[in-house]
Novice: 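Would you mind keeping the following structure in view while I ask a few things?
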Amino acid sequence: MSDIKPSKVIYVGSIPYDQTEEQVLEIAKSVGPVVDLKLLFDKETGKSKGYAFVEYSDLESAQSAVRNLSRYNIGNRTLKCNFSNETTLLNGNNNNNNNVISGTITDSVLGDNRKKIRNNKFKQLQSQSQSQSQSQTIPPLPPGIELSNNAQQSASDVITTELNKLDRKRLLNLVKDAKKMSTMNPTLMKTLLKETPQLSYALVEAALLLGLTGSSQLQTLLVDDGKIDQLQQQKTKIENKNKNKNNNKNLEELTLEQRELIKEVINMSDDQVNILPDDKKSVILQLKALYGNNIV
DNA sequence: GTTGAGCGTT
């Protein structure tokens, strides 16, 4: 984690130059409530400098942002997040209340006007981005647990440890809830799983722990969508081929008498079939379906 | 492409 002291303001670097402030805000908001955001632009060229400062309403959100946004992929870049080592944007106060001398004198007497202007600007940004993309976004994620006490443990190890603390009933509920969500809103669930690989990982591991799935089943899921489609098509093709083959083969193997009999049966009118007892009826219907077009 | 522009004082 970061070696810089936690603060509500975080530095976000490696932002692709074509990203707008609204787009960055959307990403920042996925972690927690954002109070202010500033993407830096080059005054001369007007181009983005590729980094921004985001102020969260609380320290937990900022910590969560540093944890979760640091590996966020956007365009062909990976965001770099850290606590800002500068003073905050709006109120000029540093969060470390004791013995703060890091804010400049100007910051501490920052004019109300400037605060208002910045605040208004930000509100404008908020409403812009809200109207733009409210449809399929997920609400802010819970801040999560600080992992720094277990610095040696990898993220997946932590998930394993935590899951092993749960009893069977709770594990089952976890999987059940996920299943329910997938049925109720598949698109949203897809987004959620995509944006939180930790959750996807935990759910798969939970299913394994519960014996609901095996590693061989999981292997089949690791094939990409295109390949699955291809496999499916191939499978139906082969199945159809076999079906026809079997029908023809069976027909060839039948004696002339049997063929005549079947012909007779499938030529029965619906009325004739309907008066038969149910079990006979279903056999005839099956024969009709099977040989209907093949017998001559 | 890795840490901030600016106003002008209750």
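This is a predicted model, so every value here is computed, not measured.
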Novice: A:Leu40 has an atom CG; how far is it from atom P of B:dT2, in whole Å?
Specialist: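 Whole-Å distance recorded here is 12 Å.
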Novice: To the nearest Å, how far apart are A:Ile10 CD1 and B:dT2 P?
Specialist: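 It is 18 Å, rounded to the nearest whole Å.
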Novice: So which heavy atom on A:Gln217 is nearest to which on A:Leu212, and how close?
Specialist: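 Reported closest heavy-atom pair: OE1-O, 4.4 Å.
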Novice: By nearest heavy atom, map A:Phe41 and A:Pro16 onto DNA chain B; which one lands nearer the 5' end?
Specialist: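 The 5'-side residue here is A:Pro16.
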Novice: Return the 5'-most residue of the pair A:Gly13, A:Lys43 with respect to DNA chain B, ranking by each residue's nearest nucleotide.
Specialist: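 By nearest-heavy-atom nucleotide position, the 5'-most residue is A:Gly13.
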Novice: Rounded to whole Å, please give me the gap between CD in A:Glu55 and P in B:dT3.
Specialist: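 Value for this atom pair: 20 Å.
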Novice: Determine the contact category for A:Tyr11: base if any of its heavy atoms lies under 4.0 Å from a base atom, sugar-phosphate if only primed atoms, P, OP1 or OP2 are that close, otherwise nothing.
Specialist: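 Result for A:Tyr11 = base.
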Novice: Taking atom P of B:dA5 as reference, at what distance in whole Å does atom CZ of A:Phe53 sit?
Specialist: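 A:Phe53 atom CZ is separated from B:dA5 atom P by 9 Å.
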Novice: Starting at CG of A:Leu69 and ending at C1' of B:dT3, how long is that distance when rounded to a whole Å?
Specialist: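 After rounding, the reported distance stands at 16 Å.
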Novice: Take A:Ile15 and A:Ile27 through the test side-chain contact (heavy atoms from CB on, under 4.5 Å) and record every step on the way to the result.
Specialist: CA-CA 11 Å; A:Ile15 303 169; A:Ile27 298 164; over 6 Å; no
Novice: Atom OH of A:Tyr51 and atom C1' of B:dA5: how far apart are they, to the nearest Å?
Specialist: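 Taking OH of A:Tyr51 and C1' of B:dA5, I get 10 Å after rounding.
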Novice: What residues, two or more places apart in sequence or in another chain, satisfy side-chain hydrogen bond (donor to acceptor under 3.5 Å, both in side chains) together with A:Thr160?
Specialist: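 By the side-chain hydrogen bond (donor to acceptor under 3.5 Å, both in side chains) rule, A:Thr160 matches A:Glu205.
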Novice: I'd like to check the side-chain hydrogen bond (donor to acceptor under 3.5 Å, both in side chains) partners of A:Ser14; sequence neighbours left out, ordered by chain and number.
Specialist: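 For A:Ser14, the residues satisfying side-chain hydrogen bond (donor to acceptor under 3.5 Å, both in side chains) (neighbours in sequence not counted) are A:Arg77.
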Novice: Output the rounded distance in Å from CG (A:Asp36) to C1' (B:dA5).
Specialist: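 In whole Å, B:dA5 C1' lies 13 Å from A:Asp36 CG.
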Novice: It should be established whether A:Lys121 places a side-chain nitrogen or oxygen under 4.0 Å from OP1 or OP2 of nucleotide B:dA5.
Specialist: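 The answer is no; no side-chain N or O of A:Lys121 sits under 4.0 Å from OP1 or OP2.
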Novice: To the nearest Å, give me how far apart NZ (A:Lys38) and P (B:dA5) are.
Specialist: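 Rounding to the nearest Å, NZ of A:Lys38 and P of B:dA5 are 6 Å apart.
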